[in-house]
Amino acid sequence: MNKLYRLINNIVTGGISGDFESDQLRKTIIINLFSIIGIIFMIFYGIKTIIHFNIFYALIVLSFALLTSIAFFYLRFTKKFKVTGYLLVTMLTVLLHFFLIYGGEENTAFLWFYVYPVFSLFVLGLRRGIYFIVFLLTSTLLLFYTDPDFMVDYGSNLKSRFISTFIAVSSMAIIYEVVRKKTYKALIETNDKKTYYLNKVMDQQKEIITQSEKLKNANKELEQHQNHLELLVKERTEELEVAKEKAEESDRLKSAFLANMSHEIRTPMNAIIGFSSLLIDPEVEDSLKGEMVMHITQSTNSLLKLIEDIISISKIEAGQLEARINKVDIHKILKNILEDFEDLKENTYKSDINLVLDNEALQDSFEINTDSSHIKSILTNLLDNAFKFTEKGEIHFGYMLNESNKDSYVKFYVKDTGIGLSGEYQTRIFNRFTKAEISKQKLYRGAGLGLSISKNLVEILGGRIWVESELGRGAAFYFNIPFNTSDINQSIISQKDIQIQNYHWEKKSILIADDEYANYRQLNIALSKTGAKLHHARNGIEAIKIVENNKIDLILMDIKMPIMNGLEAARKIKSMNKRIPIIAQTAFTLEYDEKKSFDSGCDAFLTKPIRQPQLLSLLNSYLT
């Protein structure tokens with residue numbers, strides 16, 4: 001029985017589930033019931049008329065039975081009850097006209113009319129149903145009034161009873177639909193009110209339950225807070241003690257750093273000021289002045305290296321240090337570094353150390369894409385440390401290749417026979433301001449920044465750095481960087497290749513724009529042997545006037561000057577004469593400052609302190 005009930009329910013509802021008060025389900029049930037009953041009756045009367053040899057009538061009735069069946073299945077598969085309702089009401093309207101004209105079975109056509117008002121109103125609604133009822137009544141009256149020859153004769157008495165009965169049935173159906181609609185609306189409103197108040201009561205109950213749960217949770221949290229308060233106080237106390245220790249350690253590091261910086265700055269400054277005073281002392285022998293100049297140069301380079309390290313670590317912390325990838329000849333860089341440190345050996349009294357470039361025998365160039373300045377800085381820092389902590393023996397440096405399917409990298413190394421590092425220092429040595437204080441018998445100079453800078457530069461290039469060492473048995477520093485050898489349309493000029501030459505620029509005029517007289521005087525002396533005519537401007541306004549009144553072949557422009565700075569002056573001079581080369585010379589070293597100089601029209605960029613060989617070579621490239 002349950003299966004039969006589910007089958008009947010599925011047929012009647014068209015497979016639609018939901019509330020029976022919904023418009024879709026209610027109209028679907030009415031349409032399906034009408035369709036099933038109509039199909040049964042039309043098939044019955046179709047067969048009956050076939051038996052009485054009324055084939056045409058039977059075909060019409062069975063055709064409408066087929067169309068009704070199609071509408072029934074259309075509704076089941078598409079769920080479009082409105083479209084199906086319009087189709088069935090329209091088909092019923094056509095069928096009723098057919099029955100009216102042919103009289104139906106034994107002139108009972110009017111019996112089918114009584115179903116029409118109820119079905120059309122239920123399916124299409126009050127307004128649209130009335131339209132169809134009025135249309136059917138009007139067409140029926142028109143047929144009765146005209147009484148065409150092709151229509152059966154009903155007689156006036158039957159016509160009157162039929163019309164009055166159809167009007168009565170239609171009126172009752174309309175009244176019923178109006179009452180049903182208003183009653184349904186009232187029931188819906190009442191149900192909505194009940195639902196509203198019921199939801200309100202349920203919300204209040206939920207709120208009460210929620211408040212109760214909150215109270216329970218609050219009591220539980222209060223209990224937990226009370227139980228763990230002592231533990232929390234203990235943990236906070238321990239954290240404060242750790243923070244205090246860190247603050248004290250930071251304060252000690254800061255004090256040590258300031259003391260170390262003071263020592264590292266004052267030591268070379270003492271040599272510079274002392275030997276500079278002795279140079280102008282007439283009682284000092286001339287034979288000693290060459291040595292004094294060597295000590296002044298060495299101390300100046302030491303001080304400049306310290307300043308550059310501080311600037312580099314500041315750039316790293318600010319995230320302004322990036323890699324500038326170009327095609328680099330590794331062999332050329334290594335050989336230049338070897339020549340630099342061979343000269344340094346003599347000046348620092350380290351002649352007992354044998355410096356070995358393991359790759360020196362390789363004559364062919366080895367080019368990779370990387371940042372040459374970063375590579376040189378890293379190796380220079382590592383070799384500086386090796387010379388600092390090695391009294392005698394050997395220092396080896398070079399590289400080896402690793403090429404595989406997964407990765408390819410160059411592994412550089414610097415190995416010395418110096419004092420070595422303990423395991424504790426091997427983990428700390430790459431931190432900022434950390435120095436290896438191995439022995440109390442000797443003080444090793446340095447700011448503790450070189451290895452930290454090297455570590456950051458290696459990481460910028462995408463590699464890593466590490467150390468292998470034993471105390472008293474030397475140290476070996478390694479770092480690797482990934483590489484590729486694809487073509488890049490840029491080139492690197494090795495500064496070591498630039499040598500001091502004799503330049504002759506007697507017919508050339510050079511403007512030096514710099515507000516610091518000492519800077520001008522240095523350039524004046526450096527260029528005095530070239531024979532060039534020199535002009536001096538102390539600000540941008542003076543530089544523009546000199547260009548307007550003289551034939552100038554090249555300008556050395558300081559960026560920071562009073563009244564009008566060098567960048568603004570460069571823009572105005574370029575607007576007057578684009579052919580004059582302008583070389584920016586400044587103490588600013590950020591890449592952003594270099595870009596601003598080129599955007600202002602400068603042709604080249606030099607950072608102070610300016611080396612004489614590089615200066616002369618650069619000027620020569622523009623003047624000749």
Side-chain angles (χ1 to χ4, degrees), residues 214 217-267 305-322 377-378 381-382 384-385 388-389 418-473 475-480:
K214 285 182 178 179
N217 292 334
N219 290 332
K220 187 176 179 181
E221 289 177 3
L222 184 61
E223 184 179 355
Q224 290 176 350
H225 180 72
Q226 185 177 0
N227 292 335
H228 293 87
L229 184 59
E230 185 176 350
L231 178 61
L232 183 61
V233 170
K234 184 179 178 181
E235 291 177 352
R236 292 292 172 85
T237 304
E238 291 175 354
E239 289 176 0
L240 287 173
E241 289 176 355
V242 173
K244 180 184 176 184
E245 291 176 0
K246 287 183 178 179
E248 291 175 349
E249 177 67 17
S250 176
D251 188 61
R252 285 194 297 271
L253 284 174
K254 184 176 74 171
S255 299
F257 168 70
L258 292 174
N260 192 38
M261 286 297 102
S262 178
H263 177 270
E264 293 301 319
I265 290 172
R266 288 176 180 274
T267 299
K305 178 67 168 60
L306 177 62
I307 294 171
E308 288 177 345
D309 284 348
I310 294 173
I311 292 173
S312 294
I313 204 71
S314 300
K315 286 182 180 179
I316 289 168
E317 288 186 348
Q320 294 179 340
L321 200 60
E322 299 177 350
S377 296
I378 298 165
N381 284 332
L382 296 180
D384 274 337
N385 276 353
K388 184 188 301 181
F389 295 105
I419 61 177
L421 289 167
S422 64
E424 176 190 359
Y425 274 107
Q426 289 181 37
T427 58
R428 294 171 48 197
I429 199 68
F430 293 103
N431 296 335
R432 289 174 299 166
F433 314 127
T434 301
K435 295 170 60 178
E437 303 291 350
I438 306 297
S439 172
K440 295 183 179 180
Q441 304 299 321
K442 182 175 180 179
L443 177 65
Y444 295 96
R445 291 184 54 197
L449 294 175
L451 289 178
S452 176
I453 293 171
S454 297
K455 179 176 181 293
N456 281 277
L457 292 178
V458 169
E459 290 173 352
I460 287 172
L461 294 176
R464 71 182 188 93
I465 187 170
W466 69 98
V467 61
E468 297 175 1
S469 178
E470 289 185 27
L471 193 59
R473 296 190 177 183
F477 284 86
Y478 299 92
F479 70 92
N480 58 27

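The chain is numbered in sequence order, starting from 1.
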Roughly how far, to the nearest 0.5 Å, is [atom2] of [Y] from [atom1] of [X]?
X: I465; Y: N480; atom1: CD1; atom2: CG; value: 9.5 Å
X: L382; Y: Y478; atom1: CG; atom2: OH; value: 12.0 Å
X: F477; Y: S469; atom1: CZ; atom2: OG; value: 7.0 Å
X: N381; Y: S452; atom1: CG; atom2: OG; value: 10.0 Å
X: L451; Y: D384; atom1: CG; atom2: CG; value: 10.0 Å
X: L421; Y: N385; atom1: CG; atom2: CG; value: 9.0 Å

Exercise for review: Kindly write out the residues that satisfy salt bridge (charged side-chain N to carboxylate O under 4.0 Å, His left out) with R464, not counting sequence neighbours, or none if the list is empty.
Suggested key: none
Point to revise | For E235, salt bridge (charged side-chain N to carboxylate O under 4.0 Å, His left out) partners two or more places apart | key: none
Review point. What are the two closest non-hydrogen atoms of F479 and W466, and how far apart are they?
Key: CA-CZ3, 4.2 Å
Check your understanding: Between I453 and S377, is any pair of side-chain heavy atoms under 4.5 Å apart?
Key -> no
